[in-house]
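Everything on this sheet refers to the single structure shown next.
What you see is a predicted model; the values in this text were computed from it and never measured. When reading the values below, keep in mind they use all heavy atoms of this one structure, side chains included, and skip hydrogens, waters and symmetry mates. When a ligand or atom number is given, it counts from 1 through the structure's own listing order.
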Amino acid sequence: MNKDQVAQILVEIGTLLELKGENPFKTRAYLNVARTLESLSEPIERIVSENRLGEIKGIGEAIQKKITELVTTGRLEYYEELKASLPEGLLVMLTVPGLGPKKVKALYEKLGITGLDELEMACNEGKVAALDGFGEKTQQKICEGIQFRRTYASRHLLSDALLLAEPILDDLRQHPDVIRCSTAGSLRRFKEIVGDVDFLVSSKNPAEVIEYFTTLPGILSISAKGDTKASVVLEGGIQADLRVVTDAEFPFALAYFTGSKEHNIVMRQRAIQRGLRLNEYGLFKSDAETRDPALLVTCQTEEELFSRLDLAYVPPELREDQGEFLAAEQNDLPRLLEWTELKGSLHNHSNWSDGRNSLEEIATQMRELGCAYWAITDHSKSSFQANGLQPERLLQQLQEIASLNQRLADEEIDFRLLTGTEVDILNEGRLDFDDELLQKLDVVVASIHQGFTQSEAETTKRLIRAAENPFVHMLGHLTGRLLLEREPYKVNQHAVIDACAETGTWIELNGSPLRLDMDWRLWHYAKEKGVKCVVNCDAHRFEHAGYLRLGAGMARKGWLTKTDVVNTQSLDSLRLALQKKRGLRRS
Ligand code: DGT
Ligand code: CA
Ligand code: CA
Ligand code: ZN
């Protein structure tokens with residue numbers, strides 16, 4: 001158990017004691033020791049094994065014993081008992097923004113509340129407001145806090161976290177005491193779901209930066225505030241951590257706090273193999289844990305750090321210990337897709353089905369955005385809940401798009417709408433439109449929108465059958481998952497990828513924040529099989545064009561390059577590519 005983990009348990013003990021109504025002097029002692037531990041410059045294991053805890057100021061004998069037990073056995077009897085002596089729900093209540101130990105204790109003792117549900121009920125009945133020291137306003141705040149907690153818990157969509165993190169990063173960047181700053185953790189690695197948001201700053205004046213950070217707009221409450229780090233709750237209930245380091249430490253801390261843990265482990269091993277030690281403070285010429293500046297191997301940037309370990313720079317998205325070390329050693333990392341290389345999305349909706357905007361509006365907007373093309377793939381007739389198009393309506397739409405494109409051509413504008421459909425894959429794998437109609441369309445996306453409860457074998461067969469249709473260009477949102485909302489349907493994705501490889505069918509990477517489907521973990525396999533990716537917005541309104549960036553980030557995480565992604569091509573070569581599968585079948 002490392003010092004941070006020990007510190008965290010000490011903090012929790014302090015909180016539990018406070019909940020029990022222990023005297024404040026005792027509870028504060030735990031918090032103080034936790035602080036001291038966090039700022040230690042040497043590993044706690046060594047201090048304990050050399051029996052030197054007593055030399056550290058402010059750690060009394062009782063707490064020394066507890067730390068020793070934690071470090072040597074990984075658990076602490078006293079803590080376990082303390083935890084067991086209180087209802088578990090009280091700790092959960094503490095995670096509601098605005099509720100501290102004092103309030104939770106009062107709610108428990110006076111109203112017998114031991115969990116979120118009971119708390120919510122009591123709020124609804126006005127019982128909380130009636131308590132001494134609470135009142136209407138507090139009750140209202142608690143209600144909102146419960147909602148936050150429910151909705152967001154500790155897993156959040158990447159897009160939500162990015163939306164909150166980017167303005168904060170901008171604010172940090174502008175502060176005169178900030179030398180360098182970055183996001184870190186899973187957000188920087190572009191994981192589709194993040195637990196919390198991590199910020200890293202280098203500064204000569206950490207106190208100023210911490211003060212500034214904790215008062216930024218968008219910060220709901222402060223969970224912890226120390227000399228060099230702070231934890232806060234952002235709007236929407238997302239937790240965020242800030243660490244402030246010296247500028248010399250910055251590249252090392254950035255690599256460390258970007259993770260992943262698995263990636264970090266290998267980095268540290270590589271350092272050891274070279275007679276070095278790597279930690280969050282630096283890379284040191286030493287064969288034992290240290291942060292002695294005299295031993296530091298200076299690196300200005302992460303690039304230098306990687307190079308010291310005989311590695312090419314590994315982009316954050318690839319730091320999952322999924323083969324990046326082998327590739328980086330051989331200088332064989334792919335040049336990852338840039339989102340600006342995308343020339344348009346091939347799966348989008350208009351107000352002809354369930355989208356918001358008209359064809360005309362879409363053409364204008366996407367052209368101004370700098371796209372070269374944009375496919376209109378409204379739903380097919382069986383998706384009646386999404387206002388799917390009957391064949392006659394689709395034919396009408398083709399005419400409208402043709403005349404729109406004619407106007408663009410007349411005005412010598414380098415942009416075209418492409419015609420298309422997102423055709424439903426029906427239960428047995430038949431398509432919702434017949435081949436004769438599909439043949440008339442520039443782009444055909446085939447997706448499943450119903451029958452989610454079929455067996456894996458059935459669903460897999462459905463998708464393979466759709467891929468076998470010569471008029472289907474790509475499969476849309478392969479698993480139907482809605483992140484944090486709906487599980488993917490059961491499907492053998494590898495088998496479907498194999499079928500796509502055989503039939504020359506592309507697979508979509510749906511950039512919608514809830515989908516990001518097909519998952520980044522499978523693209524490596526698809527790429528090996530030669531299956532191309534299409535990064536799509538599945539746009540239902542203008543703003544969704546931004547999903548190109550999210551989708552591209554996921555494509556990067558899946559190791560994809562420009563040539564792996566179909567919609568990086570110019571309109572002319574895209575048209576040829578769209579003809580290819582159909583041509584194969586005819587000859
Ligand atoms: P999350 O927040 O659950 O989505 O995932 P991360 O990866 O952002 O994890 P987080 O926020 O707990 O920590 C950020 C990074 O710090 C993590 O990716 C690696 C590093 N880190 C944190 N704790 C440890 C640890 O105990 N050991 C190692 N090797 N690295 C750690
Ligand atoms: Ca994190
Ligand atoms: Ca964190
Ligand atoms: Zn769809």
Is any N, O or S atom of H379 under 2.8 Å away from the Zn ion (ligand 4)? no

Under 3.5 Å, is there a donor on one side chain and an acceptor on the other for S350 and D378? yes

Tell me whether G195 has any N or O atom under 3.5 angstrom from an N or O of ligand 1. yes

Closer than 4.0 Å: a protein non-hydrogen atom to atom 30 (N) of ligand 1: yes

Under 2.8 Å from the Zn ion (ligand 4), can any N, O or S atom of E422 be found? yes

Find, among atoms of H449 that are N, O or S, the one nearest to the Zn ion (ligand 4), and state its name. NE2

Sole residue of Q322, R189, E324, E320 in side chain to side chain donor-acceptor pair (under 3.5 Å) with H263: E324

Starting from atom 23 (N) of ligand 1, find the nearest protein heavy-atom neighbour and note its residue, name and distance. K261 CE, 3.4 Å

Pair N357-Q365, side-chain donor/acceptor within less than 3.5 Å: no

Is R243 positioned over the aromatic face of F257, cation under 6.0 angstrom from the ring centre and no more than 45 degrees off axis? yes

Within H347, is some N, O or S atom less than 2.8 Å away from the Zn ion (ligand 4)? no

Does any donor atom in the side chain of Q385 or H379 lie under 3.5 Å from an acceptor atom in the other side chain? no

Might you work through the salt bridge (charged side-chain N to carboxylate O under 4.0 Å, His left out) test for R549 and E166, ending with a clear yes or no? CA-CA 14 Å; R549 190 187 141 213; E166 281 172 351; 2.8 Å; yes

Identify, by atom number and element, the atoms of ligand 1 in contact range of G259, meaning under 4.0 Å from any of its heavy atoms. 18 (O), 19 (C)

Please work out which of the three classes, parallel, tilted or perpendicular, describes the rings of H347 and H349, given edges at 30° and 60°. perpendicular

Atoms of ligand 1 close to T258 [distance to a heavy atom under 4.0 angstrom, numbered from 1]: 18 (O)

Do the side-chain N and O atoms of Q239 and S223 include a donor-acceptor pair separated by under 3.5 angstrom? yes

Checking side chain to side chain donor-acceptor pair (under 3.5 Å) between T479 and each of D517, T459, D519, which is the one that passes? D517

At the Ca ion (ligand 2), OD2 of D198 and OD1 of D196 open up to roughly (10° bins) 100°

If we only count N/O pairs under 3.5 Å, is D196 in contact with ligand 1? yes

NZ/K66: more than 12 non-hydrogen atoms of other groups inside 6.0 Å: yes

Ligand 1-proximal atoms of N2, by part, heavy-atom distance under 4.0 Å: side chain

Under 4.0 Å from atom 8 (O) of ligand 1, is there any protein heavy atom? yes

What protein heavy atom is closest to atom 5 (O) of ligand 1, reported as residue, atom name and distance in Å? S186 OG, 3.5 Å

Relative to the heavy atoms of R189, which atoms of ligand 1 are at a distance of less than 4.0 Å? 7 (O), 18 (O)

To which protein heavy atom is atom 15 (C) of ligand 1 closest, and what is the distance rounded to 0.1 Å? F257 O, 3.1 Å

Just by distance, no angles: are the side chains of R188 and T258 close enough, under 3.5 Å, to form a donor-acceptor pair? yes

Please identify which atoms of ligand 1 are closer than 4.0 Å to at least one heavy atom of V194. 4 (O)

Are more than 12 heavy atoms from other residues, nucleotides or ligands located less than 6.0 Å from atom CD of Q8? no

Please write down residue, atom name and distance for the protein heavy atom closest to atom 13 (O) of ligand 1. D198 OD2, 4.5 Å

Quick one: does Q5 get an N or O within less than 3.5 Å of an N or O on ligand 1? no

Ligand-side contact atoms (ligand 1) for residue partner R268, heavy atom cut-off under 4.0 Å: 29 (N)

Provide, to 0.1 Å, the distance between atom 27 (N) of ligand 1 and the closest protein heavy atom, together with that atom's residue and name. Y256 OH, 3.8 Å

Numbered atoms and elements of ligand 1 in range of G185, under 4.0 angstrom, heavy atoms: 8 (O)

Ignoring hydrogens and geometry beyond distance, is a side-chain donor-acceptor pair present between Q454 and Y489 at under 3.5 Å? no

